[in-house]
Each structure stands twice: as structure tokens, then as C-alpha cells.
Student: 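Structure below; questions to follow.
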Amino acid sequence: MMMKWLVLLFAVSTGAFAAERTVVVYNWAEYLPDEVIRQFTKETGIRVRYSTFDNNESMYAKVKSLNAGGYDIVVPSAYYVYRMRKENLLAPLDRSRLSNFDKLDPRLLDQAHDPGNVYSVPYLWGSSGIAVDGKRVDPATVKRWADLWRPEFKGKLLLLDDMRDVFGIALKTLGYSANTRNPAEIQAAFEKLRELLPNVKMFNADSPKSAYLAGEVAAGQIWNGEAFMAALEKPSLSYVYPQEGALLWMDNLVIPRNARNVAEAHAFIDFLLRPEIARRISAEIGYSSPNKAAVDAMPPKLRNNRTVNPTAEDLAGAEFQTDVGDAQALYEQYWSRLKAGR
Amino acid sequence: MTRSRSNPFRRVATGSIFWWLFIFALIPNAMVVMVSFMPRGETEFVELGLTLESYGKLLDPLYLQVFWESFWLATLTTLLCLVIGYPFAYIIGRAPRHLRPLLVLLVIIPFWTSSLVRTYAMMILLGTQGVINTALIALGLITEPLELLFTPGAVVAGLVYTLLPFMVLPLYASIEKLDVRLIEAARDLGARKLTTFRKVIIPLTMPGIVAGCMLVFLPGLGMYYVSDILGGAKTTLIGNLIQRQFLSARDWPFGSALSVTLTLTMALMLWAYVVAARRAAQKVEA
């Protein structure tokens with residue numbers, strides 16, 4: 001009798017497991033409100049298995065070592081979409097299952113990393129620009145990246161602890177592309193950064209806003225989402241789009257080539273593209289939504305906040321980061337040299 | 001041998017430790033050594049083949065400087081720990097017997113908190129609006145906050161703070177064992193305090209000094225996060241360099257070669273320690 005019950009229980013439970021639909025999502029840390037995930041499961045019955053990463057490199061290494069399987073959705077930055085597409089790690093998206101695709105801002109589609117958006121859908125995007133603490137520096141005097149070299153900033157700046165972002169400052173100041181692969185230009189940027197070093201109090205990428213909030217630094221580099229959140233606590237902190245051009249990045253939803261739950265992955269992406277959901281994500285995380293309908297639906301105060309939603313003028317000269325191929329090793333070498341003070 | 005085979009508990013205990021170390025220590029380390037001799041791949045992380053290229057890269061003066069800087073920092077930390085820790089351990093070792101366990105417990109208590117959390121706590125002390133600066137300004141001793149955080153001094157202070165117990169505990173162990181009658185004998189024979197310290201106390205506590213130095217120096221080489229958090233990530237230490245090779249530079253062979261070199265250097269120092277300890281023991285016996 002007991003045995004019969006056990007067998008029955010077993011059959012029911014395995015049956016239930018077989019019927020349960022799941023989607024395995026691998027996203028940046030603190031990049032999607034839990035509420036949104038719960039709502040998705042409630043609406044569709046699809047369980048979300050969610051894990052997070054801190055940088056593109058470790059995400060890439062994982063996806064690659066799992067032979068583009070294991071995850072159903074990952075969220076690489078644009079230059080990693082390019083690399084993963086080139087290495088045949090991504091599955092083409094089925095546009096017919098993405099009913100909300102047309103809500104996206106056409107200005108952010110069809111970029112160099114994925115022409116025609118065959119493999120990727122923009123998730124959030126943002127910039128790194130200049131943060132100025134109005135209590136210590138007049139924000140009107142800081143308009144350009146080049147202003148950071150002024151001697152009065154000695155030992156008062158923060159730079160992001162991110163190689164490409166830091167080289168971007170110098171490359172933009174010198175009038176080069178932030179994505180250059182030209183060794184002479186990279187070297188010139190290195191020389192220029194060496195002159196900036198005495199002004200740098202610290203490098204930080206974990207939580208740059210804390211240093212600004214604690215009054216450790218007077219000005220420096222910051223990501224717009226961090227600047228937005230910091231300004232809520234410290235209104236004297238302002239975010240400046242440098243005249244030479246801000247450095248832009250975009251994170252994208254992609255499906256790895258050997259993903260198992262392709263239908264569920266499309267359902268999840270389409271859910272995130274829903275204007276109401278995209279608006280909530282952007283408002284909570286503080287980075288810009290590529291979803292035009294979502295931005296239009298924001299309350300005016302948030303919609304007109306230029307830190308979150310820059311104007312066309314703010315973005316003059318701005319550039320999206322792209323893959324630099326072999327030149328990566330050269331950047332890396334100069335970066336170590338810069339930090340070793342040579 | 002026959003007894004141990006017949007004892008199932010012992011067999012399971014040693015067997016599981018052996019397999020644990022085999023799977024999680026020996027195999028990964030062997031893989032690191034292997035990768036360090038393989039060529040770097042553009043699309044794959046490594047390619048098959050045999051090359052010394054990664055070890056050749058180590059000769060770049062840049063990397064020599066990184067090694068030098070890391071060693072210098074670890075040495076400075078060790079010396080400071082010794083200078084601070086020795087009198088400290090001596091006081092505990094000479095305290096009334098019933099108080100000693102309590103004093104040792106007080107040294108150990110900070111270990112109950114993660115060292116990462118304690119390092120962040122240092123930021124709260126040293127910051128521009130931190131506890132120290134606020135207190136000094138309130139007392140009227142300074143008007144402008146001192147630049148304490150994100151300096152080389154902050155890094156050294158953080159390392160010494162984190163590693164001091166590793167120096168104190170072995171020193172305490174050898175100081176406690178010190179036979180007071182030997183010190184009294186030295187005094188009776190007319191040795192002055194300094195001479196007694198130099199010729200009697202130091203040689204007798206040498207095993208503790210050497211053990212403490214090793215326990216501080218070796219972790220000191222690897223704790224690059226202290227320099228990142230308290231120093232503002234302005235220097236490149238060996239740890240940073242290794243991490244960067246695996247994450248952003250995608251040069252696994254070079255990262256492995258750096259790890260292997262670091263491990264070998266540490267092994268060499270441990271060997272020197274064993275030799276020194278044996279010699280110190282012989283000297284004491286003679």
C-alpha cells in the first residue's frame with residue numbers, strides 16, 4: 001500500500017516537473033527588479049532561474065565554456081554582442097514572437113555591433129560623463145573632458161576603474177575615436193593619461209557614487225545611472241555630458257546558440273519590452289531605456305531628467321563602445337603601465 | 001599499516017581528505033601549470049602546444065616592477081607587524097596565567113568578521129568625513145580634513161590591521177614557552193636588559209618570529225583587494241595583474257605563468273623557513 005502511494009507521488013511530481021516551463025536568465029547584478037520577475041512568473045507560469053555577473057568577461061567565459069548552452073538569456077554589452085556574434089555563440093531572434101519590438105527607439109537599433117538586430121535587443125543603455133560636486137567646484141566651469149586636467153583638481157578626481165572608459169577620456173580629448181585600434185593613438189592617449197594621474201585620487205568601478213556622496217572627490221568620471229541615484233541623496237552633484245562626447249554603452253538581451261528554452265526566452269524578452277515593464281526597470285535602475293514608448297510614459301519629471309534621458313544635443317560627439325579586437329592587448333599593457341606609474 | 005586498513009573511520013577520514021585535495025587542489029593547480037606552457041588563442045582561451053612565451057613576458061621590466069612593489073609592500077607590512085606584535089605578544093605571554101586565555105581570545109575576536117568587511121570599516125575611520133577627521137576637527141586640532149584614505153599609508157595600515165593576529169599568535173606561543181629561569185640566569189651572570197633580550201630572548205623565540213613573519217608575508221603578497229579599496233586602486237600588484245589576465249586581457253597562459261611564479265616564490269620561502277627553523281632549533285639545543 002505504502003509503495004503504491006510512493007510510486008503515485010513520484011509519478012505526479014515528475015509529471016509536474018516535466019510540465020513546468022522555465023527560463024534561465026544570466027544578467028548583471030542589480031539590473032532587474034525582483035518584482036518584474038515575479039510578475040512574469042505569475043502571468044505566464046514560466047519559472048525564472050536567475051543568476052548574475054559583474055563583468056562581461058566572466059559572462060563570456062561562462063557562456064563559452066558551456067558551449068553556448070546552459071543559459072537561455074544573457075545580457076552582454078554591445079562590444080561583447082559583436083564578439084559573441086563573430087564567434088557564433090548566439091541564436092538569431094524570431095521577430096514574430098517579439099510583438100513589442102516596434103516600441104524600441106529606432107535611433108538605438110541597427111548599430112554596428114549587430115546590424116539589423118538579428119541577434120540582440122537593447123535592454124538598457126547609458127553613458128559615462130563627468131560628475132561635479134557643486135559645493136566644491138562651480139559646475140559651469142566644467143564642460144569638457146579636457147577640464148579634468150586643470151591643476152586645481154590635483155588629488156581630487158575619481159576615474160572609473162574601467163580600462164576602456166578611462167582610455168576613452170584621453171582619446172576623446174585628443175580628438176580620436178574611443179574605439180581606435182591605431183597603436184600611435186593609443187600610445188598618445190596613454191601619455192595624456194599619465195599627465196592626468198596626479199589629479200586622480202582614486203579609481204573605482206564598484207560604487208563610484210559612494211565616493212562622491214562621502215565627499216572624497218570633487219569631480220571626475222561617473223556612469224549616468226550612478227549619478228542619477230547619487231543626486232537623489234546629494235542634490236549638489238550634477239552630471240555633465242562633455243563637449244568632446246560622452247562614452248556610450250548599451251546592454252542587450254541575447255539568446256545563446258544552444259539555449260534549451262527558446263520559446264520561453266522569447267516570451268521573457270517580449271515581456272521586458274512591454275513599455276510599462278521597461279519604464280519600471282529604467283525608473284528603478286536609473287539607466288536609460290531604449291524603449292521609446294516607455295520613455296514617453298514616464299512622469300514628466302523623470303522623462304525630462306537629462307541624466308537619465310539625454311537630449312540629442314547632450315549626445316553630440318558621443319560614441320558607443322565597440323570591440324577593439326587585437327588592440328585589446330595593447331590597451332591592457334598600457335593600463336597596467338599606467339597603474340604601475342611608469 | 002594493517003591497523004589503519006582495518007580501521008574504517010581512519011580510512012574514510014584520510015581517504016576523503018585525500019580525494020578532496022586531489023580534486024580541488026592538485027588537479028586545478030596542475031591545470032594552471034599546464035596552461036602556463038600553452039600558447040594563447042584568439043577565439044579559444046588557449047591552444048594546444050608547448051611554449052615558454054608566457055614566462056618570457058615576465059622579464060618585461062613592467063612586471064618585474066609589479067613583483068617588486070608587491071614584495072616591498074608585504075615586507076613593510078611584516079616588519080611593522082613584528083615591531084608592533086612582539087611587545088604585544090610579550091605582554092600577553094607574561095600576563096598572569098589566568099588572564100592569558102582571555103587576552104588571546106581578544107586577539108582572535110576580529111577574525112569572526114570577514115576581513116573584507118573590516119577593510120570597509122577602515123574606510124569609515126579614515127574617510128574625509130570619517131571618524132578620525134571628524135573627531136580631530138571637533139577637537140579643534142585641524143581645520144581642513146587630513147588626506148588619510150586612498151594613500152599608500154592607508155594601504156599599509158589596512159594590511160597591518162588585518163594581519164597582526166597572524167604575527168601575535170605564533171609569537172605568543174613561543175614567548176609563553178620561554179623559561180623564566182634562563183632570563184634570571186642571564187641577569188645573575190651580569191647581562192644587562194638589552195643583552196639578555198638580544199642574546200637570550202630573541203634566539204629562544206626565533207621559531208615564533210619566523211613563523212609569524214611567514215604567516216604575515218605570504219598572505220600580504222596576495223591581498224590586493226586591500227590596496228584596491230583603501231589605496232583607490234592606483235597601484236598594480238601581482239594579484240591585480242593575475243586577475244586582469246584572466247578577466248579582461250583574456251591571456252590565460254600569462255595569468256597562469258604569473259600564478260606559477262608566485263607559488264614557486266612562496267614555496268621557496270617556505271623551504272627557507274623550514275631550514276631556518278631547523279637551524280634555530282639546533283642552536284637552542286647546543
Side-chain angles (χ1 to χ4, degrees), chain A residues 53-61 64-65 83-84 86-89 133 136 154-164 166 197-198 200-208 210-218 220 324-326 328-342, chain B residues 40-46 57 60-70 116 120 123-124 126-130 133-134 144-145 147-152 154-155 224-225 227-238 240-252 254-255 258:
Chain A
F53 56 87
D54 291 320
N55 51 59
N56 280 301
E57 289 78 10
S58 42
M59 175 275 302
Y60 166 81
K64 185 133 186 155
S65 60
R83 175 174 263 271
M84 293 167 87
K86 287 274 173 215
E87 294 180 11
N88 199 19
L89 293 172
D133 184 352
R136 296 171 65 179
K154 192 168 186 324
K156 290 189 178 145
L157 300 182
L158 179 148
L159 297 188
L160 295 171
D161 197 7
D162 181 302
M163 182 181 81
R164 293 289 305 278
V166 169
L197 225 45
V200 179
K201 184 170 188 188
M202 64 187 296
F203 291 92
N204 187 317
D206 296 330
S207 177
S210 326
Y212 290 101
L213 289 174
E216 293 293 347
V217 287
V324 290
D326 286 347
Q328 177 89 5
L330 190 62
Y331 276 102
E332 210 57 63
Q333 218 177 353
Y334 280 125
W335 179 237
S336 290
R337 188 153 295 177
L338 188 71
K339 289 263 197 111
R342 285 173 69 97
Chain B
R40 180 187 183 194
E42 186 39 46
T43 54
E44 297 304 319
F45 293 116
V46 284
K57 278 189 209 166
D60 184 324
L62 168 67
Y63 303 125
L64 291 180
Q65 196 204 329
V66 170
F67 264 81
W68 165 248
E69 198 144 321
S70 305
L116 197 60
Y120 276 106
M123 290 182 79
I124 298 174
L126 299 175
T128 307
Q129 295 163 6
N133 270 320
T134 318
E144 282 289 303
E147 295 284 340
L148 299 171
L149 198 55
F150 310 123
T151 57
V155 178
Y224 64 96
Y225 64 87
S227 151
D228 278 355
I229 295 172
L230 297 176
K234 277 181 293 192
T235 44
T236 298
L237 299 177
I238 306 174
N240 300 108
L241 206 55
I242 295 175
Q243 185 208 35
R244 227 173 273 156
Q245 301 312 317
F246 282 99
L247 288 181
S248 48
R250 285 192 295 270
D251 192 343
W252 287 22
F254 184 47
L258 284 166

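Residue numbering restarts at 1 for every chain, and letters A, B, ... go by the order of the sequence lines. Only heavy atoms go into these numbers, but all of them, side chains included; no hydrogens, no water, no symmetry mates.
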Student: With sequence neighbours left out, write down each residue that passes side-chain contact (heavy atoms from CB on, under 4.5 Å) with A/Ser336, or none if nothing qualifies.
Tutor: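 So A/Ser336 forms a side-chain contact (heavy atoms from CB on, under 4.5 Å) with B/Leu62, B/Leu241, B/Arg244.
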
Student: Less than 4.5 Å to any heavy atom of chain B: does that hold for the side chain of A/Asn55, its backbone, both, or neither?
Tutor: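 The answer is the side chain of A/Asn55.
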
Student: Which region of A/Asn56, side chain (C-beta onward) or backbone (N, CA, C, O), has a non-hydrogen atom less than 4.5 Å from a non-hydrogen atom of chain B, or is it both or neither?
Tutor: neither

Student: If you define the side chain from C-beta out and look only at heavy atoms, does anything of A/Gln333 sit under 4.5 Å from B/Asp60?
Tutor: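 They are in side-chain contact.
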
Student: Does any heavy atom of chain A fall under 4.5 Å from the side chain of B/Tyr63, the backbone, both, or neither of them?
Tutor: side chain

Student: So, applying side chain to side chain contact (heavy atoms under 4.5 Å, CB included) with B/Leu149, which one of A/Met202, A/Glu216, A/Lys201 is it?
Tutor: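 Going through the options one by one, the only one that passes is A/Glu216.
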
Student: Quick one: closest heavy-atom pair of B/Arg250 and A/Tyr60, and the distance?
Tutor: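 Residues B/Arg250 and A/Tyr60, closest heavy atoms: CD-CE2, 3.8 Å.
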
Student: Given that the side chain runs from C-beta out, which part of A/Ala61 has a heavy atom under 4.5 Å from chain B: side chain, backbone, both or neither?
Tutor: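 Both backbone and side chain.
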
Student: Look up atom CG in B/Asp228 and atom CG in A/Asp161, then write down how far apart they are to the nearest 0.5 Å.
Tutor: 6.5 Å

Student: Of the non-hydrogen atoms in A/Leu213 and B/Gln129, which two are nearest, and what is the gap between them?
Tutor: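 Shortest heavy-atom separation between A/Leu213 and B/Gln129 comes out as O-OE1, 4.4 Å.
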
Student: Would you please name every residue forming a side-chain contact (heavy atoms from CB on, under 4.5 Å) with A/Leu160, sequence neighbours left out?
Tutor: A/Ser128, A/Asp162, A/Asp165, A/Pro208, A/Gln221, A/Trp223

Student: Using heavy-atom distances under 4.5 Å, tell me whether A/Lys64 contacts chain B through its side chain, its backbone, both, or neither.
Tutor: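 Only the side chain of A/Lys64 comes within 4.5 Å of chain B.
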
Student: Restricting to non-hydrogen atoms, name the atom on A/Ala340 and the atom on B/Val66 that form the minimum distance, rounded to 0.1 Å.
Tutor: CB-CG2, 4.5 Å

